Number of protein chains: 2
Amino acid sequence: MGATIRDVARAAGVSPSTVSRALAGSAVVSPATTERVRRAAAGLGYEPNPVARGLITGRTGNLGMIVPDLANPFFPGVVKGVQARAREAGYAVFVADTDEDPLLEARLARRLARQVDALVLCSPRLSEEELLALAGDVTLVLLNRRAGAVPAITADNAGGTRRAIAHLAALGHRRVGLAAGPATSWSNAERAAGLRAAAAESGVDLAELGGYAPTFEGGVAAADVVLAAGVSAVVAYNDVMALGLVSRFAARGAAVPGRISVVGCDDIPQAVMATPALTTIAVPKERIGRAGVDLVLSLLGHPGASGPPVRELDTQLLVRGSTGPAAATERPRKRAHQ
Amino acid sequence: MGATIRDVARAAGVSPSTVSRALAGSAVVSPATTERVRRAAAGLGYEPNPVARGLITGRTGNLGMIVPDLANPFFPGVVKGVQARAREAGYAVFVADTDEDPLLEARLARRLARQVDALVLCSPRLSEEELLALAGDVTLVLLNRRAGAVPAITADNAGGTRRAIAHLAALGHRRVGLAAGPATSWSNAERAAGLRAAAAESGVDLAELGGYAPTFEGGVAAADVVLAAGVSAVVAYNDVMALGLVSRFAARGAAVPGRISVVGCDDIPQAVMATPALTTIAVPKERIGRAGVDLVLSLLGHPGASGPPVRELDTQLLVRGSTGPAAATERPRKRAHQ
DNA sequence: ACCGGGATCACAAACGATTGCAAGCCTGTC
DNA sequence: GACAGGCTTGCAATCGTTTGTGATCCCGGT
């Protein structure tokens, strides 16, 4: 189909090697020849075949990215950050979705590994051992996950949850629930731990409920359990679940934030669109993506790109309409343990 | 890093070509040798390098998919359909997002073209000429778009809009607005045309407003213009815009559906989560994706896969809470033209 | 004993690019 | 006028795999 380097060479009256050098901008080829080659290449619409080039150079110029679920609005945010930064650096990004399936994640990772220069795994559901094994075979960067010494970008979940608890405590909440996400999620464990620590510090009673699917339906499913747990506020594993909680609360006639306050996590676009707007622990999605690519670049030995192998980005508590003062009549009915 | 075919050949005491044939299951190599090669390959953890193989066979075993905006909840639905069907057929899918930029779309398409066996373009923003040119260079399937004889899967926009208008007319609406999407969008043109035709048939007055960005903000921006257009109902280019409309209507004190009815398009997950739940023209997102891959497979000459080069899938009107009877006091104030 | 022929396998040429090395030309200086 | 040396350019090997073609071996038939 497309023109090959030989066609260009013939058209320009030079050898293929000269074409290669001219197009690569090598200084050893004369300006006149370079121009002639450029013109010939443009005339034929020639573009170097990336797979042929990749075969000899060992680099493909593209990055692989794997996410658990593109339908979860959190991930497109990260993807966009990755794509934007990668584009700036001349890399193309191949995204794959695993439907939250660890097995599929492993297969996709191995499949992608040979076709990309590096792999960016966002919130991987894989076990730590598998992650470490994978890191041995391919340049790997983790997003929202730590595993041994594998380069990673994470968000300050501990700080975020601490601020959320402080916010709720200041509003008079003495007992708050946690609608936890999937057990295989590292972020979930992090957030739960942060919440536990912060609650203990602030003298707040924490009821851990879960783990639910990190979806709207998961939030809906959690809502009734939350209402029965005798809490005046609930922190959801993520915004999508929080939205599910709010929806079910409305159906049950439990006013938000009158009867119960809701705090989400991530700050997805829908959080501010909802009514009431969702108070949430904002995670810098795009920045995580960009930082991940920066890390990849430094790992790949790019000039001008370097930094620590693991970075933690700040989170932010965005106080919006879904949190308010604890109802005066509210008092714990029973203690829930897990 | 990984073992090459030569390593396996040496280990098995045969030539590389025999290894290739043995692993491919060719009948010309003896069962004994095949077994020996198999064992050697397994021992070395050998896996054929896909890029080297791709160089000579011309097939890579992966599909490229390009979407305008992954953050628009419509697209992940289609992506999931594509990935699911592709996976069944043994193909991997590389997804790229163009941020609604036609220029970027063209560049990404050309970049991907050489690394995949076929390209699936979802709602491409490219001009028809560029699309046709691209179709000449690579196996191409269009989703939500027609361009000449390029194989394509679309939804029955005309039928959907007709049902929407019939629904609104039955509710007593005599004048409805259209909050149009981007002018570069083929679906937008299709839906506008369908709406025009259906409105004319039903004796409904149509006010075409637009084109807005197909985003929540676009819907918000359209809302005030819609309210000023003297309509009792509005059909939005898509659900995301419809959500923006509803949000701004609420802020302006215009009750939905009391003062104004809203119809969306696509049936994204958020449509049913919103309050009121969104009446919408449901587009079968996953099915479009799957059908697109089926088309690719038949184009690639896969056995057992074939069908017409263009297919139109059914749409469905989902009546939910955002549409209701026209207010009795409502009457046109002025006619808007475009 | 010789030969035809099927069954196996090895050799080598691709695929399209990059890159070390050698060869060519030109110019300047002795 | 010859030679040294710098600047350009071409040759050929290479990346890891597939695949057409030819070589080898062995067996049975005549």
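Lettering of chains follows the sequences in order, A, B, ..., and the numbering in each one begins at 1. Predicted model, so just to flag it, every value in this text is computed and none were measured.
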Worksheet item: Got a second to check how far B:Leu63's CG is from B:Leu112's CG, nearest 0.5 Å?
Response: 10.5 Å
Practice prompt. Kindly say if A:Thr18 contacts the phosphate of D:dG10, meaning a side-chain N or O under 4.0 Å from OP1 or OP2.
Written response: yes
Discussion item. For A:Lys80, is there an ion pair with A:Glu286 - N to carboxylate O distance below 4.0 angstrom?
Written reply: no
Worksheet item: Where the side chain of A:Val28 is concerned, which of D:dG16, C:dG16, D:dT9 is the nearest nucleotide?
Response: D:dT9
Worksheet item: Using a cut-off of 4.0 Å on non-hydrogen atoms, how would the nucleic acid contact of A:Val14 be classed: base, sugar-phosphate, or nothing?
Response: sugar-phosphate
Worksheet, complete the sentence: Contacts of B:Arg114 and B:Gly13 projected onto DNA chain C by closest heavy atom; the upstream (5') one is B:Gly13
Worksheet item: Are any of the side-chain nitrogens in B:Glu88 or B:Arg290 under 4.0 Å away from the carboxylate oxygens of its partner?
Response: yes
Discussion item. Whole angstroms only, please: what is the CD1-P distance between B:Ile56 and D:dG20?
Written reply: 10 Å
Item to complete: Could you tell me the separation between the CD1 atom of B:Ile5 and the P atom of C:dA10, rounded to a whole number of Å?
Response: 12 Å
Discussion item. I want to confirm an ordering. Mapping B:Ala52 and A:Ala27 to their closest nucleotides on DNA chain D, which one lands closer to the 5' end?
Written reply: A:Ala27
Discussion item. Would you say B:Arg53 places a side-chain N or O within less than 4.0 Å of OP1 or OP2 belonging to D:dT18?
Written reply: yes
Practice prompt. Figure out the CZ/C1' separation between A:Arg21 and C:dC21, and round it to whole Å.
Written response: 10 Å
Item to complete: Give B:Ser30 one of three labels, base, sugar-phosphate or nothing, depending on what nucleic acid heavy atoms sit under 4.0 Å from its own.
Response: sugar-phosphate
Practice prompt. Rounded to the nearest angstrom, tell me the gap between atom CZ in A:Arg6 and atom C1' in C:dT18.
Written response: 12 Å
Discussion item. Distance check needed: C:dC9 C1' versus B:Leu23 CG, whole Å only.
Written reply: 16 Å
Discussion item. Taking any heavy-atom pair under 4.0 Å as a contact, classify B:Thr57: base, sugar-phosphate, or nothing.
Written reply: sugar-phosphate
Discussion item. For a quick test of reading the model: is some side-chain N or O of A:Thr33 closer than 4.0 Å to OP1 or OP2 of D:dT9?
Written reply: yes
Practice prompt. Look at all strands and tell whether A:Val29 reaches a base, only sugar-phosphate, or nothing, counting heavy atoms closer than 4.0 Å.
Written response: sugar-phosphate
Worksheet item: Is B:Thr4 touching bases, backbone alone, or none of the nucleic acid, heavy atoms closer than 4.0 Å?
Response: sugar-phosphate
Discussion item. Between C1' on C:dG16 and CD on B:Gln115, what's the gap in Å once rounded to a whole number?
Written reply: 14 Å
Worksheet item: Is the shortest side-chain N/O distance from B:Ser15 to OP1 or OP2 of C:dC9 below 4.0 Å?
Response: no
Response to the item:
A:Leu55 CG to C:dA14 P, in whole Å, measures 17 Å
Item to complete: Tell me, please, which residues at least two apart from B:Arg146 pass side chain to side chain donor-acceptor pair (under 3.5 Å).
Response: B:Thr154
Worksheet item: Using a distance-only test with no angle check, is there a side-chain donor-acceptor pair under 3.5 angstrom linking B:Gln115 and A:Asn62?
Response: yes
Discussion item. Without decimals, in angstroms, what is the distance between B:Glu47 CD and D:dT18 P?
Written reply: 13 Å
